[in-house]
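What follows is one structure encoded as structure tokens, with my remarks underneath.
Any value given below was found using the heavy atoms of this structure, including those in side chains, with hydrogens, waters and symmetry copies removed. Predicted, not measured: the structure shown is a model, and the values here were computed from it.
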Amino acid sequence: MNRTVAEALDVDAKLQALEAIMRGSVAQEDYDTLSDDWTIEARCREALDYWGLKSATPRSSMDGLSGGERTKVFLAGIQIHEPEIILMDEPSNHLDAASREWLYRFIGDCAATLVVVSHDRTLLDLLTLTYELSEQGIRQYGGNYTFYAAQRMLEDDALEDAIHGEEKALRSARRQAQEVRERQEKRQSKGQKNKMEVPRALRKQLTNSAENTAARLQDKHAERIADSKGKLVDLRNKQRASRELKIDFDCSALHVGKLLIEARQISFAYSLSEPLWNEPIDFRLYSNDRIRITGDNGRGKTTLINLLLGRLTPTHGEIHRADFSYIYLDQNYTCVDAECAVVELAEQYNTKHLPEHEVKLRLNRFLFPTDTWGKTCRALSGGEKMRLYLCCLMISNSTPDLIVLDEPTNNLDIANMRILTQTIRQYKGSILVISHDNRFVEEIGAAKVYDMGVDTNKTNDLA
């Protein structure tokens with residue numbers, strides 16, 4: 001449905017009523033609809049301007065706006081309606097760096113009650129309470145994300161200690177049970193030798209008593225072992241699956257410092273439109289470089305990536321590429337074939353002809369149990385697609401020379417973001433990344449920056 005900005009903000013009826021009144025309408029229906037909200041038009045303009053939507057009007061089509069602009073429309077709606085309780089679901093997704101700063105400032109100054117679902121750790125650090133949803137239920141942590149993460153680390157360490165302690169207790173219980181069995185066997189052997197020395201009347205009584213004692217001891221130790229096993233199972237079930245997932249790429253085969261891509265004075269225009277950049281671009285990528293491409297939305301960051309990879313041809317200028325392999329991970333993980341089942345995609349990457357059970361073992365390792373193998377990739381979440389693709393790379397045993405990341409964390413929860421962050425941090429090869437998540441970029445070590453916001457007639461210093 002093609003809605004206007006006014007319809008998305010639920011102010012279209014009031015604006016129409018105000019417009020009718022300004023044209024001279026005296027209909028009571030128009031006055032009832034407006035409900036004395038004479039500043040509604042001015043508030044809309046003020047809110048849209050605040051979020052940098054100066055070219056948007058209430059009549060603008062939502063379909064004509066980018067993802068980030070649509071998000072900002074709804075953020076503008078908060079200022080227009082001034083609710084007492086605000087619910088936000090991933091509000092920083094699709095926002096560029098400047099817009100995220102506006103959002104952080106807005107949240108810091110907001111006096112309303114805020115309930116936020118987000119993986120943006122900078123945003124979450126602005127909040128005073130954290131709730132964690134898991135298979136065990138919901139838990140409250142009395143602090144921001146940094147406090148929560150520290151508490152979770154303490155809990156994980158305590159859980160690890162508890163598991164080690166219970167494993168030790170189980171080994172002790174089994175050892176004691178074995179010792180009791182051995183003592184009983186010795187007593188029975190000795191009893192058989194002395195059996196004839198005991199009066200016949202007492203033999204059966206002594207035998208029954210010994211058997212009863214042995215049975216009680218065996219039951220006692222069996223109960224202890226079963227109890228310890230049960231506790232161990234419960235403790236292991238509480239362990240986070242992500243802590244068990246270790247992904248290690250081999251090193252890229254390219255020597256450090258090899259020139260992979262060199263773009264000279266390139267520009268690009270879609271169809272008959274104006275060139276995207278005011279001045280031509282120069283760009284170089286060497287092996288083992290980790291470069292972050294920055295700039296506000298609409299600056300052509302993804303277009304530049306596609307030019308560098310040969311997916312687009314520059315309108316002017318030239319690009320030279322060495323022979324190298326790469327993978328491209330975008331925010332929707334479109335590299336994962338939506339029509340394939342999970343196990344089918346894994347088999348497509350089984351170029352080394354691993355046995356079937358080895359492929360399925362790797363799927364399990366990447367948190368895809370048996371009941372998910374027939375699931376189509378279209379039904380997977382962003383985090384599941386990311387894990388499946390990394391699993392497929394492990395199955396094919398192919399380490400790329402270059403990993404390209406285009407807003408890869410937008411559709412990941414925090415647990416899957418940790419998996420991706422750990423994987424990229426440990427990877428020994430080249431990285432090109434577009435991301436507005438400063439923490440993610442810092443954690444993967446993308447220290448060099450190419451800023452699309454500067455005048456492109458000046459070659460960026462990648463430092």
Side-chain angles (χ1 to χ4, degrees), residues 1-118 120 123 126 269-276 278 295-300 302 410 436 453:
M1 179 181 177
N2 186 10
R3 294 187 297 172
T4 64
V5 167
E7 289 171 332
L9 294 174
D10 196 25
V11 295
D12 54 314
K14 281 190 175 185
L15 289 175
Q16 289 175 18
L18 177 62
E19 187 177 341
I21 292 170
M22 297 301 291
R23 288 199 309 265
S25 171
V26 293
Q28 186 62 43
E29 180 182 354
D30 289 331
Y31 284 88
D32 290 342
T33 299
L34 185 61
S35 189
D36 288 333
D37 193 357
W38 299 99
T39 63
I40 183 63
E41 186 175 25
R43 294 205 317 280
C44 286
R45 186 68 267 158
E46 181 182 359
L48 291 173
D49 287 348
Y50 177 88
W51 290 103
L53 297 168
K54 297 185 183 298
S55 61
T57 71
R59 291 190 178 90
S60 297
S61 166
M62 290 291 285
D63 286 350
L65 302 178
S66 68
E69 288 171 330
R70 285 195 291 270
T71 298
K72 288 190 277 189
V73 165
F74 291 113
L75 291 171
I78 296 172
Q79 288 176 261
I80 295 168
H81 293 288
E82 298 180 337
E84 295 180 359
I85 300 175
I86 301 170
L87 308 179
M88 292 183 169
D89 189 356
E90 301 291 359
S92 61
N93 268 14
H94 309 295
L95 294 184
D96 57 31
S99 299
R100 286 192 179 208
E101 289 301 322
W102 278 110
L103 174 63
Y104 300 153
R105 190 176 300 114
F106 174 79
I107 287 175
D109 296 339
C110 185
T113 299
L114 281 168
V115 180
V116 182
V117 176
S118 179
D120 184 336
L123 186 157
L126 300 173
Y270 286 98
S271 187
L272 299 177
S273 62
E274 292 293 319
L276 282 179
N278 294 331
D296 293 341
N297 289 341
R299 288 285 185 177
T302 298
N410 267 5
H436 297 304

Would you call [X] and [Y] a side-chain contact if the rule is heavy atoms closer than 4.5 Å?
X    : Y    : value
I86  : C110 : yes
W102 : K72  : no
D120 : L103 : no
M88  : L123 : no
L95  : W51  : no
V73  : L9   : yes
I80  : I40  : yes

So which atom in A56 and which in L48 form the shortest heavy-atom distance, rounded to 0.1 Å?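 Where A56 meets L48 most closely, the heavy atoms are O-CD1, 4.0 Å.
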Smallest separation among heavy atoms of C44 and V11, with atom names: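 Scanning both residues, the minimum pair turns out to be SG-CG2, 4.0 Å.
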Which value, rounded to the nearest 0.5 Å, describes the distance between [X] atom [atom1] and [Y] atom [atom2]?
X    : Y   : atom1 : atom2 : value
E41  : K14 : CD    : NZ    : 13.5 Å
L53  : L75 : CG    : CG    : 9.5 Å
H436 : H94 : NE2   : NE2   : 10.5 Å

Does the distance from a Lys or Arg side-chain N to an Asp or Glu carboxylate O, for R43 and D37, drop under 4.0 Å?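 Salt bridge: yes.
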N-O pairing of R23 and E19 below 4.0 Å: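 Salt bridge: yes.
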Between N93 and N410, is there a donor-acceptor pair closer than 3.5 Å when you use the side chain of the first and the backbone of the second?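 Such a contact is found between N93 side chain and N410 backbone.
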Give a yes or no answer on whether the side chain of T39 reaches the backbone of A42 with a donor-acceptor pair at less than 3.5 Å.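 Looks like no, no N/O pair under 3.5 Å.
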Is the number of heavy atoms from other residues, nucleotides or ligands under 6.0 Å of [X] [atom1] greater than 12?
X    : atom1 : result
E90  : CD    : yes
R105 : CZ    : yes
E29  : CD    : no

Taking atom types as modelled and ignoring hydrogens, do the side chains of S99 and D96 form a donor-acceptor contact shorter than 3.5 angstrom?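 Yes, side-chain donor-acceptor contact under 3.5 Å.
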